[in-house]
Protein chains: 2
Amino acid sequence: MKTDSRLSGVLHILLHMAEFDEPLTSEALAQMMCTNPVVVRRLLGALRKEGLVSSEKGHGGGWRLAKDLRKVSLYDVYRALEHPKIFAIGNRNETSGCLVERAVNHVMGESFEAAEALLLQRFKEVSLADMSAHVHEHWAEKPDCTKAGQSHQ
Amino acid sequence: MKTDSRLSGVLHILLHMAEFDEPLTSEALAQMMCTNPVVVRRLLGALRKEGLVSSEKGHGGGWRLAKDLRKVSLYDVYRALEHPKIFAIGNRNETSGCLVERAVNHVMGESFEAAEALLLQRFKEVSLADMSAHVHEHWAEKPDCTKAGQSHQ
DNA sequence: AGATTATGTAATTATGAAAGTTACGTAATG
DNA sequence: CATTACGTAACTTTCATAATTACATAATCT
């Protein structure tokens, strides 16, 4: 399956924005991210609905952080993206009347629910300020830019 | 993303096999599962490598459970499928030198690792016999067969 | 006012992984 | 030796994410 990298991408954008005071254009952000400005606008557009960023048009316009990073958790960002699907593993047939199917779905479902709860709990415990601090602890090299990308495991 | 339903599918197959003493052909299993015999052979072929099932060719041939279901955990089945990818959410760029990227990957990675550990721990605690028992507790209707299928959330 | 710079979005295309299908080889049985 | 089944490679289909194109709208600067 192709993994959804929107959360990773948007966090990357936000932390880069945190390094600047002036608004950054989607063009500039796209270059940092090795992607297309439209992708940036789509992602940040979702965050704007939740008040995490603001945007301005025209000369000197662009995107700005709209909240204290200490008050924004990883979970807030996840939610702003409208709860992306977490698991790559799914049930074969959600609505079957087959009892075997239902038992499988039920038992697996319990495990996935527990794992999801733990994951989201962790997300709530990490603020963007924490992540930004983590960046500065290791600050030495400059950002670089290569394509690729993948999963956890 | 399209969710991977192989684990769900193969569990479905195994629990159906548990209801029969004779070997079942991939043709018969495919019909129960509303899928193609080749798909069944592919899935069960992976399980055979781990000794979970056995197969025989020719007349009267087919697939048989090769282990006591009490001794096979959900994790064993997961592993037999060669550790399918668990998460639909991934890092944008696994190998970037960008420190922001690395911080994002690291922080998110910790949460995902914790969730994965919990999920797999749960998988280890459930045997196929447990799942089979769960089926029999609710045994009343007959298996039925409709297509579709999806995720958790 | 009018040129320029940005965002806002719809529509289209590209990518990649799972799933399904076809085709044919191999082995075991009646 | 015909039939039944597995064993697999190769190909096609499906579908969601990501990237791209195209164009509208709004704000700023000269």
Side-chain angles (χ1 to χ4, degrees), chain A residues 1-10 12-13 22-31 33-49 53-64 66 81-82 84-93 147-151 153, chain B residues 1-10 12-13 22-31 33-49 53-64 66 81-82 84-93 147-151 153:
Chain A
M1 157 205 325
K2 207 190 286 186
T3 62
D4 179 348
S5 62
R6 285 176 299 161
L7 182 56
S8 166
V10 89
H12 193 158
I13 293 173
E22 325 83 61
L24 289 169
T25 66
S26 52
E27 177 64 39
L29 290 166
Q31 239 158 20
M33 306 276 303
C34 308
T35 186
N36 195 292
V38 178
V39 173
V40 173
R41 294 204 282 267
R42 267 204 297 255
L43 291 172
L44 293 185
L47 299 207
R48 189 183 42 216
K49 286 184 197 162
V53 298
S54 62
S55 62
E56 277 176 299
K57 294 183 172 180
H59 281 274
W63 299 86
R64 232 186 248 281
L81 295 178
E82 291 166 312
K85 187 173 48 157
I86 293 174
F87 296 107
I89 296 177
N91 291 144
R92 215 181 56 87
N93 191 332
K147 283 232 178 181
Q150 266 337 291
S151 59
Q153 50 189 344
Chain B
M1 161 209 325
K2 206 191 287 186
T3 62
D4 179 350
S5 63
R6 285 176 298 161
L7 181 57
S8 166
V10 88
H12 194 160
I13 292 172
E22 324 83 61
L24 288 168
T25 67
S26 51
E27 176 65 39
L29 289 166
Q31 238 158 20
M33 305 276 304
C34 307
T35 187
N36 193 292
V38 177
V39 173
V40 173
R41 293 204 283 265
R42 268 204 296 252
L43 292 172
L44 293 186
L47 299 206
R48 188 185 42 215
K49 287 184 197 161
V53 299
S54 62
S55 63
E56 278 176 300
K57 294 182 171 181
H59 283 274
W63 299 87
R64 232 186 247 282
L81 294 177
E82 289 167 312
K85 188 170 48 156
I86 292 175
F87 296 108
I89 296 176
N91 290 144
R92 213 181 56 84
N93 192 331
K147 283 232 178 182
Q150 267 337 295
S151 62
Q153 48 190 339

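Residue numbering restarts at 1 for every chain, and letters A, B, ... go by the order of the sequence lines.
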For [N] and [X] - does any side-chain N or O of the residue sit under 4.0 Å from the phosphate oxygens OP1/OP2?
X: B:Ser55; N: D:dG7; value: yes
X: A:Thr25; N: C:dT5; value: no
X: B:Ser26; N: D:dA5; value: no

Next item on the list: Quick one: label B:Arg6 by what it contacts on the DNA or RNA (base, sugar-phosphate, nothing), any heavy atom closer than 4.0 Å.
Entry: sugar-phosphate
Margin query: What's A:Gly62 touching, base or sugar-phosphate or nothing? Going by heavy atoms closer than 4.0 Å.
Written below: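 Answer is sugar-phosphate: A:Gly62 comes under 4.0 Å of backbone atoms only.
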Checklist line | Side chain A:Arg42 and base D:dT20 donor-acceptor under 3.5 Å | finding: yes
If you check the [X] side chain, which of [options] turns out closest?
X: B:Asp4; options: C:dT21, C:dA18, D:dA19; value: C:dA18
X: A:Trp63; options: C:dT7, D:dT20, D:dG7; value: C:dT7
X: B:Arg48; options: D:dC6, C:dA18, C:dT9; value: D:dC6

Protein-nucleotide distance ([X], atom [atom1]; [N], atom [atom2]), rounded to Å:
X: B:Asn36; N: D:dT13; atom1: CG; atom2: C1'; value: 13 Å
X: B:Met33; N: C:dA19; atom1: CE; atom2: C1'; value: 12 Å
X: B:Ile13; N: D:dC6; atom1: CD1; atom2: C1'; value: 14 Å
X: B:Leu44; N: D:dA5; atom1: CG; atom2: C1'; value: 13 Å
X: A:Glu82; N: D:dA16; atom1: CD; atom2: C1'; value: 15 Å
X: B:Gln31; N: D:dA5; atom1: CD; atom2: P; value: 12 Å
X: B:Asn91; N: D:dA18; atom1: CG; atom2: P; value: 12 Å
X: A:Leu43; N: D:dT20; atom1: CG; atom2: P; value: 14 Å

Which atom of [X] lies closest to which atom of [Y], heavy atoms considered:
X: B:Ala66; Y: B:Ser54; result: CB-N, 4.0 Å
X: A:Asn36; Y: A:Ala30; result: C-CB, 3.6 Å
X: B:Thr3; Y: A:Lys85; result: CG2-NZ, 3.1 Å
X: B:Gly45; Y: B:Trp63; result: N-CH2, 4.0 Å

Check: Does the side chain of B:Leu81 come within less than 4.5 Å of B:Leu43's, by heavy atoms?
Finding: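 The answer is yes; the side chains approach within 4.5 Å.
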Next item on the list: Between protein and nucleotides 23-30 of chain D, map the contacts as a letter string: B base, S sugar-phosphate only, - none, heavy atoms under 4.0 Å, written 5' to 3'.
Entry: --BSBBS-
Next item on the list: Give, for atom CZ of B:Arg64 and atom CZ of B:Arg48, the distance between the pair rounded to the nearest 0.5 Å.
Entry: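 With rounding to 0.5 Å, CZ (B:Arg64) is 14.5 Å from CZ (B:Arg48).
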Checklist line | Separation of B:Met33 CE from B:Ser5 OG (nearest 0.5 Å) | finding: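 Atom-to-atom, B:Ser5:OG and B:Met33:CE are 8.0 Å apart.
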